[in-house]
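All figures in this text were calculated on a predicted structure; none of them were measured in a lab. One-based numbering along the sequence shown. Just so you know, ligand 1 is whichever comes first in the structure, and atom 1 is the first atom listed for that ligand.
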Amino acid sequence: MARAIDLDVVKAEIVRLTRPTPSTLFGKGTAATLAELIAEEKIGLVVVDAALSPVQQRNLERRWNAKVIDRTGLILEIFGARARTYEGRLQVELAALSYQRSRLVRSWTHLERQRGGFGFLGGPGESQLEIDRRLIGERIAKLRRELDDVKRTRALHREARRRVPYPVVALVGYTNAGKSTLFNRLTRAAVGAEDMLFATLDPTMRRLDLPSGRKAILSDTVGFISDLPTHLVAAFRATLEEVTEADLVVHVRDAHHPDSEAQRTDVLAVLADLGLGALSDPESAEDGLIEVLNKIDLLDEDTRAHLENRTQRNEEVVLLSAVTGDGCDRLLQTVQRRLDSGIAAVRLDVPLSDGKTLAWVYEHGEVVARRDDDRAAHLSVRLSEADLGRLRHRQRLH
Ligand code: GTP
């Protein structure tokens, strides 16, 4: 997790605690051994994968002369570094402040604000701001109001998007699985003027061009993290609302990660929690998610061959490398097949003089056959029901 925000991990160690010491969590001996290591290696930050009380945190910082954060602090940093939408940033700041407030044991404390982060990584001596509970409370109230506004706007955006007749494909996955890399690769070609519409609405949504020429919207989401502290769950859920609205969900996995299977279980549990349990149900293949096994460029030949063998007959699993682009074509084919399933081909006659409608048909459907006579184009087109309705409406207007 620390590497996820580019921290340089000098050493990682499991420390046995027979009994937690109230003042420093670690016993005297362990704290001293770690102090030596920290001084020797000139370590600036220590991440403790447990919950530290504010007193423990302060005592350890003094003892070790380094910044100390716990699991929640690190997760907030990751969220802070990765939140790309205005709403995401508000959510993270709200969670960070609630966390800070819960840690104000006495009436005064120091909140360090620097580098646009939330202060957990700041060092002593950097610009410090003394804020009491009341000030934090006021800021929290203000953030809540802003968030309400953003949510209202987002509902409007969603409405606007519904009127744009493109299906939404959402990428989900454990943090660091490679979602953003894949998102960028798949949508790289699509940065024309019309995409500005989406880009300005939300940087996590972009146009996706499918092989048939059909278009979709690809939506990137925040990465999952297991054992999310309870007060972060709400912030996290809000950012995942988009997933429940998607037409198709693509689960991106890091095939190279030693905990890949456990991560998969965690992600599916969160999806089930969002009411999307059916996605992982093998019985409901039609609505199920597509699974991407990413980072295959990092696998040795044997592992890769083994995976290829295992997934050969399962069309819903795609082996891929977002970095090299290997497998991306297959993913697009799979996405297209899934979006097209349930769409029947219809026969249409469009007057050759009606270039606009012809263009519309080519943009929204997949033309599987075409025969022209002097007056009209006779087409066989695969078109969604919604699009078919729109087309009929269009033709009635003519
Ligand atoms: P979160 O934002 O935390 O959810 O992460 P993410 O899933 O968006 O992951 P991201 O795309 O940021 O990739 C994480 C790291 O994995 C980056 O260092 C990528 O360069 C690397 N990565 C992604 N895909 C591949 C791949 O196919 N091969 C290799 N070798 N590295 C990859």
Side-chain angles (χ1 to χ4, degrees), residues 1-9 47 71-85 87-89 91-92 95 117-118 169-188 202-206 208 218-229 232-233 235-243 246 249-260 262-264 266-271 274 289-301 303-304 307-308 311 317-332 334:
M1 276 165 59
R3 287 202 187 93
I5 44 169
D6 296 328
L7 290 172
D8 175 18
V9 180
V47 184
R71 186 182 169 81
T72 304
L74 180 62
I75 290 173
L76 284 171
E77 284 294 335
I78 296 176
F79 279 7
R82 305 215 162 183
R84 272 168 301 166
T85 59
E87 180 180 9
R89 282 192 292 273
Q91 290 283 11
V92 177
F118 294 98
V169 180
L171 297 179
V172 302
Y174 209 81
T175 189
N176 230 39
K179 292 177 299 301
S180 303
T181 312
L182 184 61
F183 177 79
N184 287 329
R185 173 166 282 278
L186 294 179
T187 60
R188 203 164 42 183
D202 188 341
T204 62
M205 302 228 173
R206 248 186 252 161
L208 178 69
L218 191 64
S219 153
D220 193 5
T221 65
V222 66
F224 292 28
I225 295 173
S226 52
D227 299 331
L228 207 61
L232 292 188
V233 174
F236 186 63
R237 281 185 76 108
T239 57
L240 278 173
E241 254 171 46
E242 292 292 340
V243 181
V249 176
V250 176
H251 177 189
V252 184
R253 296 178 54 194
D254 179 349
H256 180 65
H257 199 285
D259 294 333
S260 190
Q263 293 180 345
R264 173 174 190 267
D266 283 336
V267 169
L268 295 183
V270 177
L271 288 178
L274 284 169
L289 42 77
I290 295 176
E291 198 171 279
V292 163
L293 295 178
N294 188 31
K295 307 198 186 181
I296 51 164
D297 55 302
L298 298 178
L299 300 179
D300 60 58
E301 290 225 344
T303 319
R304 186 171 167 164
L307 268 184
E308 267 164 10
T311 56
V317 179
V318 180
L319 268 59
L320 176 146
S321 164
V323 163
T324 66
D326 197 10
C328 285
D329 288 347
R330 225 197 107 204
L331 174 62
L332 288 176
T334 309

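- Between atom OG1 of residue Thr181 and atom CG of residue Asn176 there is a gap of 8.5 Å, rounded to the nearest 0.5 Å.
- Side chain of Asn294 to backbone of Val252: no donor-acceptor contact under 3.5 angstrom is found.
- If you number the atoms of ligand 1 from 1 as listed, the ones under 4.0 Å from a heavy atom of Thr181 come out as 10 (P), 11 (O), 13 (O), 19 (C), 23 (C).
- Judged purely by distance below 3.5 Å, without hydrogens or angles, the side chains of Asp326 and Ser321 never pair a donor atom with an acceptor atom.
- Residue contacts with ligand 1, taken as heavy atom pairs separated by less than 4.0 Å, involve Asn176 via backbone and side-chain atoms alike.
- Of the listed residues (Asp254, Val292, Val252, Asp297), the one carrying the non-hydrogen atom nearest atom 30 (N) of ligand 1 is Asp297.
- Residue Arg264 is tested with Glu291, His251, His257 for a side chain to side chain donor-acceptor pair (under 3.5 Å); the sole match is Glu291.
- With ligand atoms numbered from 1 in the order given, ligand 1 contributes 7 (O), 9 (O) to contacts under 4.0 Å with heavy atoms of Ala177.
- Between Val318 and Gly327, the closest heavy-atom pair is CG1-O, 3.8 Å.
- For Gly178, a nitrogen or oxygen atom sits less than 3.5 Å from a nitrogen or oxygen atom of ligand 1, counting backbone and side chain alike.
- Only the side chain of Asn294 comes within 4.0 Å of ligand 1, counting heavy atoms alone; its backbone N, CA, C and O stay farther away.
- The backbone N or O of Tyr174 sits less than 3.5 Å from a side-chain atom of Lys179, completing a donor-acceptor pair.
- Of all the atoms in ligand 1, the ones that sit under 4.0 Å from a non-hydrogen atom of Lys179 are 1 (P), 4 (O), 5 (O), 6 (P), 7 (O), 8 (O), 9 (O), 11 (O).
- Side-chain polar atoms of Asp254 and Ser260 form no donor-acceptor pair below 3.5 angstrom.
- Under a 3.5 Å cut-off, the side chain of Arg304 and the backbone N or O of Leu299 do not form any donor-acceptor pair.
- At least one N or O atom of Ala322 sits closer than 3.5 Å to an N or O atom of ligand 1.
- Contact atoms of ligand 1 toward Ser180: 6 (P), 8 (O), 11 (O) (distance under 4.0 Å to a heavy atom of the residue).
- For Leu298, no nitrogen or oxygen atom sits less than 3.5 Å from a nitrogen or oxygen atom of ligand 1, counting backbone and side chain alike.
- Backbone and side-chain nitrogen or oxygen atoms of Lys295 are examined, and one is located within less than 3.5 angstrom of a nitrogen or oxygen of ligand 1.
- Every atom of ligand 1 is numbered from 1 in the order shown, and the set under 4.0 Å from a heavy atom of Thr175 is 1 (P), 3 (O), 4 (O).
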